[in-house]
Amino acid sequence: MILFSVSLALLSAGILCLALLRHKPRWAENVFLVFLTLGCGSAFISAVDTLIRQESFVDRLPWSLPWGEVTIGIDFVSALFLLAVTLLCFLAGVYGIGYLRNGEHQQDIAGHFCLYLVFLMSLMLVVTARNAVLFLLAWEGMSVSSYFLITYHDGNEEVRQAGLLYLIAAHIGTLCLWVMFILLGTQAGSMDFGRMSAAQFPLMLAGVVFVLGTIGFGVKAGFIPLHIWLPHAHPAAPSHVSAVLSGVMIKMGIYGIIRLIMMVKHFPPWCPAVLTAIGIVSGVGGVLYALGQHEIKKLLAYHSIENIGIIALGLGIGLWGQLNQYHTIAVIGYAGALLHVFNHAMFKGLLFLSAGSVIRQTHTGEIDHLGGLLKYLPWTGALFLIGSLAICGLPLFNGFISEWLVYRALFEGVFSFPMEPVILIGLAIIALALIGGLALMCFTKAFGTVFLGQARSQHAADLKENSAPMIAPMAVLAGVCVWIGIFPQTMVSFCLQGAMRILPTATNTADMANILRPVQWMVLSLFVLIGISIFLVLFRRMAMKNMSVAKSGTWGCGYAAASPRMQYTASSFASPIVELFREVLCLRRAKARPQQIFPEKVLVASEVIDASEHFFWRRIYRLMQEVCGRMKSIQCGYAQIYVLYIFIFLFLILIWKVT
Amino acid sequence: MLPIFSHILFVLALSPLLLGVIGKTKAFFAGRWGPPLLQPWYDIAKLFRKGVVYSTTTSWVFKLTPVVVMATALASCIFVPWGSIAPPVYFWGDALLFIYLYGLMRFFLIIGALDTGSSFEGMGASREAAFSCLSEIVLFMDFILLVMVSKSLVLCNMLNTGFFSSWLSMGPVLVLVAVSFFLVMLVENSRIPIDDPNTHLELTMIHEVMVLDHSGYDLGLILWGSYIKLFVLGSVLVSLFVPAHLSPLTGVTFFLCGMGVLGITIGVVESVMARLRLNRVPHLLIGAFVLATLGFIVILLKGA
Amino acid sequence: MWLDISLIVIILSGIVLLGSSRIGTIIQLFAFQSLVLSSIPLQVDRAGLNWHVLTIAFGTLIVKVFVMPNFLFWAIRHVRLRREAPTILGYGKTMLLGGILVGMAFYISSKLTLPDRYFSRLFIPAAFSIFAIGLLLLVSRVKAITQVIGYLVMENGIFLFSMLLLDKTPFLIEMGILLDIFVAVLVMSIVINNITEDYEDTNTLNLTTLRD
Amino acid sequence: MLLFLILLPFSGGLLAFVLPKNSLRKILLIGVASIHLAAVLGLWSGGMPDNGSGPVFLGLDVLGKLILTVISILFAAVSVYLWGYLKNERACNRIFTGCLLLLLSSMTLVSVSAHMGLLWVALEATTLMSAPLISFERSPQNTEAAWKYVLICSVGIALALLGTIMLAISSGNFKTVFLNDLLNHASVLTPSWLKLSVIFLLVGYGTKMGLAPMHTWKPDAYAQSPAPIGGLLSGALTACPILAILRVVQICNRADLSSFIEPILMVMGVLSLGVAAVFILRQKDFSRMLAYSSVENMGIIALGLGLGQAAYWPSMFHLINNALTKGFMFMLAGNLYQHYRSRDMGQIQGVYAQNALMGVLLVLGFMSLTAIPPSGTFFSEIMILSAAVQSKHYLIAAMFIVFLSVIFIGMAKGALQMFHHGPASKQESSPMVHPVSSMAPILVLGAIILALGLHVPVFLENVLRSTQTSLGGR
């Protein structure tokens, strides 16, 4: 506790220092690094301490907000989130120093770092706040500071628009949270989380609160169809910010839902169904849209939606288990969700950072303009590959472990639950399988087009690998991904512990051993795989010794004049699936057909339209604009009419109230 | 450790034979004598002795691919029972690892293909990725059915516990599972009617075109890996039909006979059918999915 | 008796106001109405003439009959032409509407009950009528000057209404109100003066540049 | 003491009319404002002057005191700001300064008047004294705005006079409108006349407050007046009619008519929110946006008062926050206009790049306008929402949320656009610098806003709570 307070104090000090260092960018970098390290370090240690010693605490700081106390606490769930927050924010921050150096807007660097610390601090407060008012305060602090982080390159119109969309979405979501917390607080008689947990909520109220929470937190988390800000904001932000946004900030929505489940406990039976359905739609929708993207960070942004979908599936099945008294299923589902939160923070952070490295060197994120970068950016490429393998949920990497837990919970749900849930759960399993397959396609596309084959532009030869301070954070993230992938026991047991804390009733520890045993076996089988691979590599090296190895061009099937531009593009690669889901994706094609006998230019461009954005939200916005435009004639400029308004209103009130 | 080794060795040894059986059957239908039963073995041996040619475009990813393909294929076999012999490794949830190992294999096959920068290999990779998405959901649907029947998430239990009772009560479901699984197996291993391993037109191929640039030792590993994959998936299918609680020897015999029958069946199918048009392949998979879903509905209505 | 007649005269002058078209006439009619009005305090006073009532009557007389009309004439002194004050609806319809409003005022007043006895049955209806007429004048004319007069006529209605409480209203407040009205007219006259300087006319149709 | 507070600015105002030089008048303005502020703050340290229970014209209860303090603080800030502002204006500021001081005097009179008639007189006086301030710059648009302001407010407030007379009629046997009398004998007021009078008073004072649909003068008046005057009008001057409405609420609560007045206030509040939302969404003019934001905030306060006991102190808190924010924002806007020579938010770009401090302050103001913590408005609005939910007015709560969302969209579009770099900011080369007198009041108000968002001192909380008991009656 003391350590955590120290961390908060350090960060505040850092914020103050940086606010004063506007004109000294180099100084600002150092000061930022020092305070970031100290602040993240102490918070990280306090989180680890909580996880290891298994004791949570709640404490009240000597300070009072107008409507509540500053109560903070770290329990298991908070600690897990705190772990991801501090780790990723620290690494992304370190990366950010290198990323922003020598870029444009040097004079804003101190402000940027300052806001980064504000953002970090509000993230830490969000997961540790134990009072609704403090929570909302931190929540809005998070939204606003991240808005300014996103709009760092604000000379660009698109960036400003993206930021604005994000801020508006975030704030409207927050307004839903206001109502939600007020409803909870009214019932509990206090805005304190502890009191809320102790209160009893009628089922009806629980349902309303659930809906409000799902909307309010869902906007942040990026549930489809509330996700529209996400694919715009992530590409707009500097890469280290995208990493943090995608890695931890959208998880705050998940944290909120988990906290809500912990407080309300009993929900109407349709709630898990809704959560599962959201998971299915977001997961499959996210990955399908990702498949249609041509821009690397936009692609990654849609993958965030997909992963949020997977997490929602975990939560959904967990909640189902909780409501139907299947504690094992609930624990596994929640643990899967929690672990995936952490894992996603790691591998998505890694992916965004390595995408940032690519963009920093090539100045473009268009996948189809790149190619062959593995030769020029070997570290970035290798680390991106690790991230890709992890996000596809393939064995040996962390994504698999959490997806495996979610699968496990779902499969156990299939043969435990009554008919109606089983249909949805079956669908969820299929969706998860489809997500896996599509993600694989998407990341082979991304990795293959960007890093493999030949460069599609001439400038590639000048590219240099980024500096070590940028590579090192990525390497650490990759290390964590592999560590959890091969030695999952530690994190899985932490997450199981956390999941048990989510349940209202205590689960015995024998259960946990049962749940953990297959994980140990899995480690064994993974080692078999590793062993075989090592054996094969060694064997190959031996066998190759006395064999001829020749170098030659790629076999062009008889075509002699192949050029790099003839390589299969990302769009073509994705096209079989995009075509198959044409209707869902609202595929738009622009074609210029060959005109003369010797046509000069032929053009094919395809674009995937985000249906909920274009056919729902934009229309609503346009409608709103139109209605407001019409109503502007109220303010027509004639004083006589204005006077008449007064009397008409008076008259109406008289009729209403006096007769 | 020993059971794992022996299991792996047996698979290594036996898997090319299944291809031999298929080849013999096809030859029989074509009215030829055909290559010897051990021809796949000879092929592999030949490839292992040859030199290697690498494209200048490729990187270490290309060289890693064969190793991963072989390793994942071998690792996947340790979860599959042989008749009544339990697999060396089994645990709650191993079925998922089993499926995802193939995912890993596929990932590397695809990026290996993309590493060459050849548009043909890219094309093949794209198709492989697209079709396997669909085949994977069929596979999962089948697994859902098996899980519901067996109430277990251990692959060997899903396949052959309570054989008679489950066939008695769930016969129709298991038939649906078997049929759809058979289709998935064909897709996964790029057999006719989805893909023709013997074709020579690069534009229409799927699997074969992805490994165009591999040669010598590497190609040998990939080929062997794909034999193993066919063998392992086949053994999953066959295990469905092998009664449990037989003595080990009878069980294994039963199993090996089943594998033979499977080889012949594949051979027959490949002899009597033509390759589908590429854009029809998804329809086949969707058909398989519908079959499996039908099974799901049957189970739900029966209230298992 | 005299009270009733005065009240009726006041209402009638209001109706005539609605029908008049010349700005000068309107201002003079208002002055006439105020003249009658300023006699009301003397008529309703029950305690005999005292300085309180006298001051109120006299103050009203001075401010409303002499000072204000002069201000208004001052404000429009630049306007040589266009001395008529056209309505939006037309004079006939405005007068008809005025009649309807007076009728409604009578109807509504009949529904109200006062807590204790009052001087004349016409008192409240007359107050409401004048108030309504003022409103109508304000809304239906396009010239700024007529709007001021509309406001003042409304004010007359309120004044009449406040006569109900003549004996209890603190003198200070009465004077404060009168002062406020006075300053209001002063300010409005200045503003109108500015308007006429800017636009050469007090037509409020010019005053619609500020809108959304 | 109270008399001193009124007479000080009054005599100052008269003095301003006779002083010969602009600079002397500026000194006079700041001097009077600071003495006034000191005196008002001094009131808090001393014990509460007892109103007694008899009929008095002047009295200062906790409501009046609170509002007087807000007025005084804002006036002091604006007068300091005007020091730098008036330097750029060549015109003679005799009438301007004089009216400003008389305005302060009448606003003080509003907050200390304990007689509903006197309250009316003072309120009408504030309208009249502020009209010349609006037309200070003497362009046709200024004149038009002043005309509309005077006309509409006078007509509206005439209704309030009618309402006051009706209030007197309802008080049957004593027939006075001394506040003490009304409150002490509230139960014997004639309900039918009281109801009628409440409606007239609400509509009348609502016009002055700027509640929809009587708000129509507001955007014109605020946008056309000099920016700091806009701040004074929307921050301090609106507090005066609010006090009048608080009195009405007080009487109604004592007379057991709270169920009568509350729905009316809620309707007016929600209507104001809605109208503000409609006009803010597509607003291009910064001052007009702030004016509609004022309509919105008046709506929120009315809504809070309409929600009953639980929302009283949040409403009072909101009043304070809103007043400070508006003063802050308008003065900030004044600085921006002086640099960019435009009120169009599309033209003002790259504020942060031009002057980082101004950029940060702009964001702070934006946060306070849109109730993003840490700003006091966040707490007051969420508490009002909470009161709506607690009293089961779910529809009201839903509309509140919807309108706040729309308003947020409009404001974010406008205000944040100014903050960022944009195409226009490229050509701007002259640095944006402001004299200390133009920055200091903004910084002070900003600090108070921020402080109230982070921590409400026990002292202030007690005061707010006592306003609640003072309003609540029984």
Side-chain angles (χ1 to χ4, degrees), chain A residues 374-375 389 392-395 400 404 407-408 411-412 414-415 419 422-423 426 429-430 433-434 436-438 440-441 444 447-448 452-454 517-518 521-522 524-525 528-529 532-533 536-537 540 543-544 547-557 564 566-568 572-573 575-577 580, chain B residues 4 48 51-57 59 61 67-68 70-72 74-75 78 89 91-94 96-97 100-101 103-104 106-107 110-111 114-120 122-123 125-127 129-130 132-133 136-137 139-141 144 147-148 151 153 202 212-213 216-217 221 282 296 300 303:
Chain A
L374 190 59
K375 297 193 190 67
L389 288 163
C392 292
L394 295 174
F400 175 70
W404 181 80
Y407 267 126
R408 224 183 115 181
F411 271 110
E412 290 189 22
V414 159
F415 60 79
M419 187 161 115
V422 166
I423 296 175
I429 294 176
I430 298 302
L434 190 61
L438 292 173
L440 191 146
M441 182 163 191
T444 48
F447 180 72
L452 301 179
Q454 285 176 289
R517 198 167 302 126
W521 275 100
M522 186 156 67
L524 177 79
S525 5
V528 171
L529 176 63
I532 297 171
S533 309
L536 285 172
V537 171
R540 178 173 180 276
M544 287 290 213
M547 267 185 234
S548 68
V549 176
K551 285 270 180 187
S552 150
T554 300
W555 167 234
C557 301
M566 293 167 83
Q567 293 174 94
Y568 221 51
S572 324
F573 185 84
S575 107
I577 288 288
L580 196 64
Chain B
I4 298 181
F48 273 9
V52 193
V53 183
Y54 288 120
S55 160
T56 45
T57 315
S59 59
V61 171
V67 172
V68 174
M70 189 64 180
T72 46
L74 285 178
I78 60 175
V89 177
F91 57 90
W92 189 261
D94 59 358
L96 301 164
L97 182 57
Y100 269 78
L101 280 175
L104 189 59
R106 194 181 311 126
F107 192 100
I110 293 172
I111 60 172
L114 290 173
D115 199 15
T116 61
S118 152
S119 47
F120 295 107
M123 213 177 278
S126 161
R127 289 171 191 158
S132 58
C133 282
E136 201 161 75
I137 62 172
L139 197 59
F140 265 95
M141 198 72 218
I144 291 175
V147 165
M148 288 175 89
K151 300 206 183 307
L153 207 53
E202 293 89 345
L212 266 184
D213 248 53
Y217 177 85
L221 278 185
F296 186 59
L300 278 183

Colleague: What closest approach, in Å, do B/S55 and A/T554 show between heavy atoms, and which atom pair accounts for it?
Modeller: OG-OG1, 2.7 Å
Colleague: Measure the spacing between CH2 of B/W92 and CE of A/M522 and express it to the nearest 0.5 Å.
Modeller: 14.5 Å
Colleague: Taking the inter-plane angle between the rings of B/F140 and A/F411 on a 0 to 90° scale, is it parallel (under 30°), tilted (30 to 60°) or perpendicular (over 60°)?
Modeller: parallel
Colleague: Which value, rounded to the nearest 0.5 Å, describes the distance between B/M70 atom CE and A/I532 atom CD1?
Modeller: 8.5 Å
Colleague: What part of B/Y217 lies closer than 4.5 angstrom to a heavy atom of chain A: side chain, backbone, both or neither?
Modeller: side chain
Colleague: Which one wins on heavy-atom pair count under 4.5 Å against chain B: A/K551, A/M547, A/R540, A/M441?
Modeller: A/R540
Colleague: Given that the side chain runs from C-beta out, which part of B/D115 has a heavy atom under 4.5 Å from chain A: side chain, backbone, both or neither?
Modeller: both
Colleague: Give the minimum heavy-atom separation between B/G122 and A/F573, together with the two atoms involved.
Modeller: O-CD1, 3.9 Å
Colleague: How many angstroms lie between CG in B/L104 and CG in A/L440, if you round to the nearest 0.5 Å?
Modeller: 9.0 Å
Colleague: Show the nearest heavy-atom pair for residues B/S119 and A/M566, with the distance to one decimal.
Modeller: CB-O, 3.2 Å
Colleague: Are A/Y407 and B/L153 side-chain neighbours, meaning at least one heavy-atom pair lies under 4.5 Å?
Modeller: no
Colleague: Tell me which of these, B/G51, B/G216, B/A130, has more heavy-atom pairs under 4.5 Å with chain A than the rest.
Modeller: B/A130
Colleague: Can you tell me how far the CZ atom of A/F447 sits from the CG atom of B/L114, to the nearest 0.5 Å?
Modeller: 9.5 Å
Colleague: Determine the minimum heavy-atom distance between A/L394 and B/G103, stating which atoms define it.
Modeller: CD2-C, 3.6 Å
Colleague: Go through A/V537, A/V528, A/L452 and name the one with the most non-hydrogen pairs under 4.5 angstrom from chain B.
Modeller: A/L452
Colleague: Does any heavy atom of chain A fall under 4.5 Å from the side chain of B/S59, the backbone, both, or neither of them?
Modeller: side chain
Colleague: Is there a side-chain contact between B/D94 and A/S525 in this structure, where contact means two heavy atoms from C-beta onward sitting under 4.5 Å apart?
Modeller: no
Colleague: If every non-hydrogen atom of B/F91 is compared with every non-hydrogen atom of A/P518, which pair is closest and at what distance?
Modeller: CD1-O, 3.5 Å
Colleague: Measuring from A/I429:CD1 to B/I144:CD1, what's the distance to the nearest 0.5 Å?
Modeller: 4.0 Å
Colleague: Quick one: CD1 on B/I111 to CG on A/L389, what's the gap to the nearest 0.5 Å?
Modeller: 6.5 Å
Colleague: Which one wins on heavy-atom pair count under 4.5 Å against chain B: A/S572, A/A543, A/S533, A/P395?
Modeller: A/P395
Colleague: Between B/L74 and chain A, with a heavy-atom cut-off of 4.5 Å, which part of the residue counts as in contact: side chain, backbone, both or neither?
Modeller: both
Colleague: Can you tell which part of A/I423 gets under 4.5 Å to a heavy atom of chain B, answering side chain, backbone, both or neither?
Modeller: both
Colleague: Could you check which of B/A125, B/S132, B/P282 has the highest count of heavy-atom pairs closer than 4.5 Å to chain A?
Modeller: B/A125
Colleague: Which heavy atom of B/A71 sits nearest to which heavy atom of A/L536, and what is that distance?
Modeller: N-CD1, 3.7 Å
Colleague: So which part of A/L374 gets closer than 4.5 Å to some heavy atom of chain B, the side chain, the backbone, both or neither?
Modeller: side chain
Colleague: Show, in sequence, the C-alpha distance, side-chain angles and deciding distance for A/W521 and B/L97, and conclude whether the side chain to side chain contact (heavy atoms under 4.5 Å, CB included) test is met.
Modeller: CA-CA 11 Å; A/W521 275 100; B/L97 182 57; over 6 Å; no
Colleague: Please classify the contact of B/I4 with chain A as side chain, backbone, both or neither, using a heavy-atom distance under 4.5 Å.
Modeller: side chain
Colleague: Pair A/V422, B/F296 - check side chain to side chain contact (heavy atoms under 4.5 Å, CB included), show working.
Modeller: CA-CA 10 Å; A/V422 166; B/F296 186 59; 3.9 Å; yes
Colleague: Less than 4.5 Å to any heavy atom of chain A: does that hold for the side chain of B/L139, its backbone, both, or neither?
Modeller: neither
Colleague: Do you know which of A/G437, A/S552, A/S575, A/G426 has the most heavy-atom pairs under 4.5 Å to chain B?
Modeller: A/S552
